[in-house]
Number of protein chains: 2
Amino acid sequence: MSNSESLERVPVALSPRDRFVEFLQSKGMRVTQQRLSLVDHVFSRHEHFDADQLIEQLPPSGDPNHVSRPTVYRTLNEFVDAGLLRRFNLNGRAVYEHDYGYPQHDHFHCTECNKLLEFTSPELLQMRDDLGKQHQFRVTGHRLIISGICQECTQAKRRSRSRMNMI
Amino acid sequence: MSNSESLERVPVALSPRDRFVEFLQSKGMRVTQQRLSLVDHVFSRHEHFDADQLIEQLPPSGDPNHVSRPTVYRTLNEFVDAGLLRRFNLNGRAVYEHDYGYPQHDHFHCTECNKLLEFTSPELLQMRDDLGKQHQFRVTGHRLIISGICQECTQAKRRSRSRMNMI
DNA sequence: CTCAGTGCAAATAGTTTGCACTGAC
DNA sequence: GTCAGTGCAAACTATTTGCACTGAG
């Protein structure tokens with residue numbers, strides 16, 4: 001699923017692939033087929049995804065670009081460390097989204113269709129920092145998920161309700 | 001751990017125990033020893049806790065008030081359904097807090113000591129609803145966790161840094 | 001006396017790890 | 001050639017479930 005409205009990209013010097021290679025080299029880690037397959041895949045297709053969705057989309061066992069489940073998990077953690085992906089939790093499973101080259105943003109989560117919509121709000125950021133100051137808390141980040149029902153699902157419900165009334 | 005500043009309670013008609021009994025009866029569920037042990041325990045002691053912390057504090061096997069692990073999990077879900085507890089996720093594990101009789105609030109999460117501090121912000125609520133309107137999203141709730149370092153940990157760090165400099 | 005609730009052990013889901021082999025450097 | 005990375009199977013953690021027994025109604 002690419003169940004998300006994409007925000008504008010932010011210009012960055014290096015492609016995600018190059019950024020990851022740089023990261024690996026700076027840590028003395030090796031640039032392997034699997035790691036390259038995964039950067040390329042993750043940054044060409046997805047917006048929000050979890051480990052299972054990613055594994056499903058990967059070439060099957062036997063293909064030169066196949067990557068095993070443990071390696072997918074290991075590499076997703078590396079992407080987070082490298083600042084390429086951001087991880088958060090949605091009903092108990094890890095969900096990943098692009099971090100590198102994307103502006104900070106928050107999410108609406110539709111509890112009907114499970115879709116995630118992104119939005120940005122500078123005022124929210126300002127409020128967050130003010131709240132930190134008020135409570136003497138040194139803010140380094142935040143996670144906001146607004147839950148509810150998206151426009152399409154609201155309309156779908158309305159349609160089905162009016163269909164009910166017609167009977 | 002009761003690692004949280006408590007907000008004022010909001011006046012409610014029934015005690016959590018009575019509210020739960022009412023819930024059980026309305027659903028045709030039985031009022032058992034285990035369920036009563038758990039309401040009483042949870043609403044006398046805790047503020048934020050996870051299943052393991054709760055189980056640790058419960059009387060050991062053999063005690064009349066002992067409750068088994070599966071039943072604790074089952075009952076925590078019932079508390080959430082009954083509107084007594086709210087559940088959220090903190091690094092992959094379910095954390096519970098009182099919902100019944102407590103005003104809606106959000107959290108600071110100290111990444112040093114893992115403490116949760118509560119705060120309320122009506123302006124935040126207003127902003128959330130405005131954002132929903134702007135994006136045509138029917139808002140039913142939200143979860144905001146501001147992460148960073150709490151006052152005590154900031155001070156502890158400062159002290160240890162200055163101790164370093166003295167050497 | 002009946003059936004929902006319980007405790008136990010076992011299952012599950014998501015993720016991580018130990019280990020012997022493989023391949024990047 | 002060496003050692004980090006990989007795939008496999010197995011472990012692990014948090015939570016849920018099937019089943020025979022128990023006790024609330």
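Proteins get letters first, then strands, A, B, ... in listed order; numbering begins at 1 in each.
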Here the distance between atom P of D/dG23 and atom CG of B/L24, to the nearest Å, is 18 Å
Nucleotides 16-20 of chain D: which of its N/O atoms have a protein N/O under 3.5 Å away?
none

| query | Linking I/L/V/M/F/W/Y whenever their side-chain heavy atoms sit closer than 4.5 Å, directly or via other members, would B/I146 and B/L125 fall into one cluster? | reply | no
Side-chain contact check for B/S68: nearest option of C/dG7, C/dC25, D/dG7 is C/dG7
Residues passing the salt bridge (charged side-chain N to carboxylate O under 4.0 Å, His left out) test with B/D18, sequence neighbours excluded, are none
B/N91 atom CG is separated from C/dT15 atom C1', nearest whole Å, by 14 Å
So, B/R45 and B/E56, do they make that salt bridge, N to O below 4.0 Å? no
Inset, instruction - With the side chain counted from C-beta on, respond yes when A/Q136 and B/Q155 share a heavy-atom pair under 4.5 Å apart, and no when they do not. - result: no
Separation of C/dT15 atom P from B/R93 atom CZ, nearest Å, is 15 Å
Phosphate contact (C/dG7 OP1 or OP2) by B/T71 side-chain N/O below 4.0 Å: yes
A/E78 atom CD is separated from C/dT16 atom P, nearest whole Å, by 12 Å
- So does A/T32 get a side-chain nitrogen or oxygen closer than 4.0 Å to the phosphate oxygens (OP1/OP2) of D/dT6? yes
Which of C/dT15, C/dA24, D/dA14 is nearest the side chain of A/Q33? It is C/dA24
When rounded to whole Å, the CG to C1' distance for the pair B/L76 and C/dT6 reads 15 Å
Whole-Å distance, A/L54 CG to C/dT15 C1', equals 14 Å
For A/P59 and A/D63, the nearest pair of non-hydrogen atoms, with its separation, is CB-CG, 3.3 Å
note: B/Q34, atom CD; D/dG23, atom P; distance rounded to Å ~ 9 Å
So, A/D130 and A/Q126: side-chain donor and acceptor under 3.5 Å apart, yes or no?
yes
Quick note, A/A51 side chain, CB onward, closest among C/dG7, C/dT15, D/dG25 is C/dT15
Comparing B/S61 with B/R30, nearest DNA chain C nucleotide closer to 5' gives the residue B/R30
The salt bridge (charged side-chain N to carboxylate O under 4.0 Å, His left out) partners of B/D50 (sequence neighbours excluded) come to B/R93
Comparing B/D50 with A/V67, nearest DNA chain D nucleotide closer to 5' gives the residue A/V67
To the nearest angstrom, the CD-C1' distance between A/Q25 and C/dA24 comes to 11 Å
